[in-house]
Amino acid sequence: MNPIVNGLKKKYKHCMKLERVNYHEWTAWHELLFPVGSPEFVLLDSAKQVIYYWFGVIPAEDFSEILDPLCFD
């Protein structure tokens, strides 16, 4: 998943903060998101509310469909 994660960071760094959370480490993010598997991706708003949730191996286009309207009006 590194190529997708790194590609997302590069493409969207100007409009959103991207955090990588290790599924196996118990952190505040882990408690907030309560991961159910790996890989999974969660889009949060500034109040840390879930906007969108992806699970499994996701094609990059699926991210673009949701994230582009948030960054490229």
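FYI, the numbering just counts along the sequence from 1. None of these values were measured; they are calculated from a predicted model.
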Do the side chains of [Y] and [X] get nearer than 4.5 Å, heavy atoms only?
X     : Y     : value
Leu8  : Leu67 : yes
Val42 : Trp29 : no
Ile51 : Ile66 : no

Test ring pair (Phe, Tyr, Trp, His ring centres under 6.0 Å) applied to His14 - qualifying residues, sequence neighbours left out =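 With sequence neighbours excluded, His14 shows a ring pair (Phe, Tyr, Trp, His ring centres under 6.0 Å) to Phe72, given in chain and number order.
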
Search all heavy atoms of [X] against all heavy atoms of [Y] and return the closest pair with its distance.
X     : Y     : result
Pro69 : Ser64 : CD-O, 3.8 Å
Gly56 : Phe41 : O-CE1, 4.1 Å
Asp45 : Ala47 : OD1-N, 2.9 Å

Criterion side-chain contact (heavy atoms from CB on, under 4.5 Å) on Leu70 and Leu43, from CA distance to verdict = CA-CA 11 Å; Leu70 299 173; Leu43 176 62; 3.7 Å; yes

Angle class for the Phe63/Trp54 ring planes (parallel below 30°, perpendicular above 60°, tilted otherwise)?
->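 The arrangement is tilted - the two ring planes meet at 30° to 60°.
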
Does the side-chain contact (heavy atoms from CB on, under 4.5 Å) test come out yes or no for Val5 and Leu18, once each step is laid out?
-> CA-CA 9 Å; Val5 171; Leu18 294 149; over 6 Å; no

Contact list for residues 6-18, test salt bridge (Lys or Arg N to Asp or Glu O under 4.0 Å), sequence neighbours left out |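 Non-adjacent pairs meeting salt bridge (Lys or Arg N to Asp or Glu O under 4.0 Å): Lys11-Asp68, Lys17-Glu19.
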
